[in-house]
Amino acid sequence: MLPAKKMPLRCYTAPSLAPPPPTSKAQEEMASYAVDKASTSSDSGKGHASGYTLDEKRRAALAEVDNAKFSFFHLKVCLVAGVGFFTDAYDIFAINIASTMLGYVYGKGQKLSTNQDLGVKVATPIGTLFGQLLFGWLADLVGRKRMYGVELMIIIVATFGQAVSGEAHAVNVIGVLIVWRGLMGIGIGGDYPLSAVISSEFAATHIRGRLMTAVFANQGWGQFTAALVAFIIVAAYKKSLLADDPAVLPHVDQMWRILIGLGCIPGVLALYFRLTIPETPRFTMDIERNVQQAAQDVDNFLTSGTFYVDPDAAIERVQAPKATRRDFFQYYSHWENLKVLIGCSYSWFALDIAFYGLGLNSSIILNAIGFGNPPKTLKGTMAVYVNLKNICLGNLILSVAGLIPGYWASFLVIDRWGRKPIQFMGFAMLTILFCCMGFGYDRLIATPAASKAFVFLYCLANFFQNFGPNTTTFIVPGEAFPTRYRSTSHGISAASGKLGAVIAQVGFARLKDIGGSNAFVGHILEIFAFFMLTGIFSTMLIPETNQKTLEDLSNEDQEGFIQGPAQPKQPSA
């Protein structure tokens, strides 16, 4: 028999003639849970608490997190997670410029072959795919805190390894770079589910979208910084480069190593803060099933921004849904749960086909439309310098004109409009823009004036990728699943996106020169338009997560979620 519910004593007060002040639903819930917390606090430390007591304690702690005001701790989480995405984007997109430098030094005819260029660009997305699946699963298995920082150490080591890669009779520098970039991709992949889940589980409901968008928006600054650093390096080496032997270009070899190697710095600066970030209360409560410790953590980080775990404190586990293989398949055997995973995964897959197809080949796009090519009258090292400078400037323009504004446009409205309207709008606009660029490609590159129109459309596409599905496909998987499978499910969704990135890279490399150099680019843009159209339909499968708690979005009944203290295992006979 369940114990009777303990009801708080209420004192009679005379009715007031004045109308009661209006209260929001969040305030009412907070007040209700505060009473629950107060009414059950007397049970802590007195033997085993009842299932009802523990369930109410859990709900009270979650209500404190969901209704908390923005604080310095939220800002710290945003910065620590954001630096990782800054590093990820810098390392991923710096190769866009570095590959041209590599071609001048190690390529035949001062240009990497199709397979070499494809290898250095596709190695990172392949590694990222495996890293997302691996770290997503591990974060649900052993904890967010234990894995956070491990992925950053992998990125730092692999980035440094690229910068010091060498060549010998039995070793090809491009092959060594491919291995290091694949390893770096594993670390970058781990950053996606970990940063998304940590920021969503610490965030209050009313700011969760903006907090996660601010974390992800650092990707735009990473891309911009990669182009800016490359431009500064090229300008600094101008005098030395112009004095080089055009057949050897030793200073270009130094330039790409510095460009890649500088990607270590933000990772090193953020490593300590990642290793010392507290475990999320939701993981402690729902996966470790230690409600008492989670409630204490909530009080600590909301008041002082710190956490403390007493190694001598008694740990009281509770009976709650536990992550197992059988439970995983049972949860996703229900269509209302499976369709969310399918919608998140395919939307990210469709988006990344275009996002990485363009992002990792922006230099090729710029050259194809004649934007940034050096005059044919230039020869020798001056042609090399002008080409590298123009590629850097072109990437800077694309970042400033489209990528960065798109992220912050999403930030401004993500908690007002919701996630689905932004994703619908983004996919629809991208379908129209890629149709215009694809079907009108030949006319848009025919004259210098038309090429400027193409660049404008290209920047608009970058803008609506980020003010659209590139942001929302990161946010929704971090919200829409139960705590015990949230990181795994985010990893599956993100890995689907990287599968699209790999397909786009391989396809772009194999198709772009059909009929001549860069002659098939227009048709590739038409293919991108088709996938953007399919993204509109996959968006219909995902729920609207705006202003809803993570527990409401899990499709699980929260009443009686905790059934009581865990029963001790009986010794075997």
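Taking 4.5 Å as the limit, some side-chain heavy atom of Glu201 sits within range of a side-chain heavy atom of Thr483. Residues Asn546 and Arg419 are in side-chain contact: their nearest non-hydrogen atoms beyond the backbone lie under 4.5 Å apart. Ile186 places none of its side-chain heavy atoms less than 4.5 Å from the side chain of Thr128. Two residues are said to be in side-chain contact when any heavy atoms from C-beta on lie closer than 4.5 Å; Leu403 and Phe224 fail this criterion. Looking at Ile265 and Tyr90, their side chains never come closer than 4.5 Å, going by heavy atoms from C-beta outward. Using a 4.5 Å heavy-atom cutoff, the side chains of Leu134 and Glu151 are not in contact. Counting only heavy atoms from C-beta outward, the side chains of Val150 and Met153 approach each other to under 4.5 Å. Using a 4.5 Å heavy-atom cutoff, the side chains of Asp191 and Tyr148 are in contact.
Gln116 CD to Leu102 CG: the interatomic distance, rounded to the nearest 0.5 Å, is 9.0 Å. Of the inter-residue distances, the one linking Leu129 atom CG with Ile188 atom CD1 reads 13.0 Å to the nearest 0.5 angstrom. Of the inter-residue distances, the one linking Ser71 atom OG with Ile207 atom CD1 reads 7.5 Å to the nearest 0.5 angstrom. The CZ atom of Arg486 sits 8.0 Å away from the OG1 atom of Thr280 when rounded to the nearest 0.5 Å. In this structure, CD in Glu479 is found 13.5 Å from OG in Ser489, a value given to the nearest 0.5 Å. Considering NE2 of His206 and CG of Asp415, their distance stands at 8.5 Å, rounded to 0.5 Å.
Looking at Ser410, its side chain does come within 3.5 Å of a backbone N or O of Asn466 through a donor-acceptor pair. Remark: side-chain polar atoms of Arg274 are paired, donor with acceptor, to backbone N or O of Ala81 under 3.5 angstrom. The backbone N or O of Ala196 sits less than 3.5 Å from a side-chain atom of Ser199, completing a donor-acceptor pair. A donor-acceptor contact shorter than 3.5 Å is absent between the side chain of Asn218 and the backbone of Val83. Not a single donor-acceptor pair under 3.5 Å links the side chain of Ser347 to the backbone N or O of Cys344. Between the side chain of Arg144 and the backbone N or O of Ala139 there is at least one donor-acceptor pair closer than 3.5 Å. Between the side chain of Asp327 and the backbone N or O of Ala323 there is no donor-acceptor pair closer than 3.5 Å. Checked by atom type and distance alone, the side chain of Ser99 pairs as donor or acceptor with a backbone atom of Ile95 at under 3.5 Å. Proximity of a side-chain donor or acceptor of Lys145 to a complementary backbone N or O of Ile277 within less than 3.5 Å is detected.
The closest side-chain donor-acceptor pair between Thr549 and Thr205, if any, does not fall under 3.5 angstrom. Looking only at atom types and distance, the side chain of Thr213 has no donor-acceptor partner in the side chain of Arg210 under 3.5 Å away. No side-chain N or O of Ser493 forms a donor-acceptor pair with one of His490 less than 3.5 Å apart. Side chain to side chain, Gln293 and Thr284 fail the donor-acceptor criterion of an N or O pair below 3.5 Å. Looking only at atom types and distance, the side chain of Gln254 has a donor-acceptor partner in the side chain of Tyr237 under 3.5 Å away. Counting only N and O atoms by type, the side chains of Thr124 and Arg181 include a donor and acceptor under 3.5 Å apart.
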Q. Is there a side chain to side chain contact (heavy atoms under 4.5 Å, CB included) between Ile422 and Thr471 once you walk through the steps?
A. CA-CA 9 Å; Ile422 293 175; Thr471 299; over 6 Å; no
Q: List the steps, then state whether side chain to side chain contact (heavy atoms under 4.5 Å, CB included) holds for Trp256 with Thr100.
A: CA-CA 9 Å; Trp256 74 260; Thr100 303; over 6 Å; no
Q) What's the verdict on side chain to side chain contact (heavy atoms under 4.5 Å, CB included) for Met101 and Val234, showing C-alpha distance, side-chain angles and the deciding distance? A) CA-CA 10 Å; Met101 298 177 179; Val234 171; 4.0 Å; yes
Q: Would you please test Glu551 and Arg282 for salt bridge (Lys or Arg N to Asp or Glu O under 4.0 Å) and show each step?
A: CA-CA 10 Å; Glu551 284 63 43; Arg282 283 180 162 94; 2.9 Å; yes
Q: Take Met147 and Leu141, measure what side chain to side chain contact (heavy atoms under 4.5 Å, CB included) needs, and give me the verdict at the end.
A: CA-CA 10 Å; Met147 300 312 300; Leu141 182 67; over 6 Å; no
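Here the closest non-hydrogen pair linking Gln223 and Phe93 is CG-CD1, 3.3 Å. Nearest heavy-atom pair, Met212 versus Ser200, reported as atom, atom and distance to 0.1 Å: SD-CB, 3.6 Å. Taking every heavy atom of both residues into account, Gly189 and Gln132 meet most closely at O-CG, 3.1 Å. The shortest non-hydrogen separation linking Val340 to Ala480 is CG1-CB, 3.8 Å. Nearest heavy atoms, Ile260 versus Ala94: CD1-CB, 4.2 Å. Scanning both residues, Val197 and Ser487, for their nearest heavy atoms gives CG2-CA, 3.7 Å.
The 12-atom threshold is exceeded at OH of Tyr332, counting heavy atoms of other residues, nucleotides or ligands nearer than 6.0 Å. Residue-environment remark: OH (Tyr272) stays at or below the threshold of 12 foreign heavy atoms within 6.0 Å. Residue Phe328 qualifies as enclosed at atom CZ: its count of foreign heavy atoms under 6.0 Å is above 12.
Ring geometry for Tyr485 against Tyr331 counts as tilted: the plane angle lies between 30° and 60°, on a 0 to 90° scale. Using a 30° and 60° split on the angle between ring planes, Phe474 and Trp348 fall in the perpendicular class, above 60°. By the 30° and 60° cut-offs, the orientation of the rings of Phe349 relative to Tyr346 is tilted. Ring-plane geometry between Phe216 and Tyr192 is classed as perpendicular, the angle between the planes exceeding 60 degrees on a 0 to 90 degree scale with a lower cut at 30.
Taking the centre of each ring, Tyr407 and Phe85 stay at or above the 6.0 Å mark.
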